[in-house]
Amino acid sequence: NTQSAVDVRFDTRQRAVHLWYGEIAITTAKDAQQRPFHVVTRQGQLTALGTEFTVYQQDNVTRVTVQQHAVEVLLANRPQEKRIVSAGESLQFSASEFGAIASADDESTAWTQGILSFSDKPLGDVIATLSRYRNGVLRCDPAVAGLRLSGTFPLKNTDAILDVIAKTLPVKIQSVTRYWVNISPL
């Protein structure tokens with residue numbers, strides 16, 4: 001996904017991806033050499049159990065969402081503890097503790113299909129997400145950041161998403177330049 005960085009290391013013993021920051025979508029396949037597939041984050045190690053999944057590395061937590069099969073998760077500070085996350089489930093964890101396994105939502109993986117999907121999200125969160133897919137500065141005035149938005153939008157045209165926001169919420173979109181956009185109250 002946008003604003004992401006990884007190191008990839010495939011050798012004779014393993015297939016490993018180190019996710020430094022951001023979000024990745026993984027689809028694994030059988031390996032003729034039977035090497036395990038790992039994703040490493042600051043919070044732990046994920047091992048694919050023949051699967052399709054996304055991993056989002058945030059400052060202090062990692063979130064894994066599994067679309068097919070399962071993923072084994074080991075904590076960085078407590079590697080003796082593990083969890084198995086199955087298809088349709090999501091797990092957020094820190095280096096020392098697991099959150100509760102939750103049902104996966106379509107919103108968190110919609111970007112893999114070229115869309116953004118929001119269900120009753122604060123405008124501030126929507127704009128923070130949208131800014132990852134747009135060049136320049138995109139700012140949301142705190143006075144309107146709490147307004148709620150629901151919708152599914154194609155990622156190819158971020159200006160169209162801003163137009164929809166302006167038509168559906170009591171806000172004005174002000175373009176200082178093409179690369180500097182402010183969202184403020186009417």
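In this chain, residues are counted from 1 in sequence order. No experiment lies behind these values; they were computed from the predicted model shown.
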| field | From Leu19 atom CG to Thr62 atom OG1, the distance as rounded to the nearest 0.5 Å | value | 7.0 Å
| said: I need the Phe37 CZ to Lys30 NZ distance, nearest 0.5 Å. | reply: 15.5 Å
| query | Going by heavy atoms in the side chains, are Val39 and Val71 under 4.5 Å from each other? | reply | no
| task | Using a strict 4.0 Å threshold on nitrogen-to-oxygen distance, state whether Asp159 and Arg134 make a salt bridge. | result | yes
| request: Indicate if Tyr21 and Val40 have the same hydrophobic cluster label, given that clusters are the connected sets of ILVMFWY residues with side-chain heavy-atom separations under 4.5 angstrom. | output: no
| query | Under a 4.5 Å cut-off applied to non-hydrogen side-chain atoms, are His69 and Leu49 in contact? | reply | no
| field | Note, Val144 side chain near Leu169 side chain (heavy atom, < 4.5 Å) | value | no
| query | Do Glu81 and Glu97 have side chains that get closer than 4.5 Å, going by heavy atoms? | reply | no
| Salt-bridge criterion met for Asp7 and Arg9 (N-O under 4.0 Å) | no
| remark: In this structure, OG1 of Thr65 is separated from CD of Glu89 (nearest 0.5 Å) by 10.5 Å
| request: Please tell me if the side chains of Leu138 and Thr158 come closer than 4.5 Å, counting only heavy atoms from C-beta onward. | output: no
| request: Measure across Arg139 and Ile127 and return the closest heavy-atom pair with its distance rounded to 0.1 Å. | output: C-CG2, 4.5 Å
| Heavy-atom count around Asn60 CG within 6.0 Å, excluding the residue itself: above 12? | no
| Worked check of side-chain contact (heavy atoms from CB on, under 4.5 Å) between Val181 and Ile173 | CA-CA 7 Å; Val181 177; Ile173 310 290; 3.6 Å; yes
| remark: Residues Ser117 and Ala110: closest non-hydrogen pair is CB-CB, 4.1 Å
| query | Can you check whether Ile24's main-chain N or O pairs, donor with acceptor, with Thr54's side chain at less than 3.5 Å? | reply | no
| message | Hydrophobic clustering (ILVMFWY, side-chain heavy atoms < 4.5 Å, transitive) - are Leu74 and Val17 grouped together? | response | no
| message | Under the criterion side-chain contact (heavy atoms from CB on, under 4.5 Å), I'd like the reasoning laid out for Arg148 against Asp120: C-alpha separation, chi angles, the key distance, then a yes or no. | response | CA-CA 5 Å; Arg148 311 300 279 193; Asp120 197 34; 3.2 Å; yes
| Hey, mind stepping through Thr129 and Phe118 against side-chain contact (heavy atoms from CB on, under 4.5 Å) and telling me if it holds? | CA-CA 10 Å; Thr129 299; Phe118 305 103; 4.1 Å; yes
| remark: OG (Ser96) and CZ (Arg78) are apart, to the nearest 0.5 Å, by 6.5 Å
| field | Minimum heavy-atom distance Ala76-Pro79, with the two atoms named | value | O-CD, 3.9 Å
| task | Provide the closest heavy-atom pair for Pro185 versus Ala143 in the form atom of the first, atom of the second, distance. | result | CG-CB, 3.8 Å
| Who are the side-chain contact (heavy atoms from CB on, under 4.5 Å) partners of Gln58, not counting sequence neighbours? | Tyr56, Val61, Gln92
| task | Could you pull out all residues at least two apart from Asn1 that satisfy side-chain contact (heavy atoms from CB on, under 4.5 Å)? | result | Ser4, Glu23, Trp111, Arg132, Tyr133
| Linking I/L/V/M/F/W/Y whenever any side-chain heavy atoms sit under 4.5 Å apart, do Ile183 and Val137 land together? | no
| field | ILVMFWY network linking Phe10 to Ile26, side-chain heavy atoms under 4.5 angstrom | value | yes
| With hydrophobic residues grouped by side-chain heavy-atom distances under 4.5 Å, do Val8 and Trp20 end up in a single group? | no
| message | Nearest 0.5 Å, please: how far is CG in Leu155 from CD1 in Ile161? | response | 6.0 Å
| Is the closest basic N to carboxylate O distance between Asp125 and Lys121 below 4.0 Å? | no
| Does Thr51 reach the main-chain N or O of Ala48 with its side chain, forming a donor-acceptor pair under 3.5 Å? | no
| request: Taking all heavy atoms of Asp59 and all of Gln43, pick out the closest pair and write down the distance. | output: O-NE2, 3.6 Å
| request: Show your working on side-chain contact (heavy atoms from CB on, under 4.5 Å) between Val126 and Leu116 and close with a plain yes or no. | output: CA-CA 9 Å; Val126 171; Leu116 288 179; over 6 Å; no
| Does Asp105 reach the side chain of Ser90, with side-chain heavy atoms less than 4.5 Å apart? | no
| task | Determine whether more than 12 heavy atoms belonging to other residues, nucleotides or ligands lie under 6.0 Å from atom CD of Gln34. | result | no
| note | Closest non-hydrogen atoms of Leu46 and Val73, given as atom of the first, atom of the second and distance, are CD2-CG2, 4.1 Å
| How long is the gap from CG on Leu91 to CZ on Arg83, to the nearest 0.5 Å? | 7.5 Å
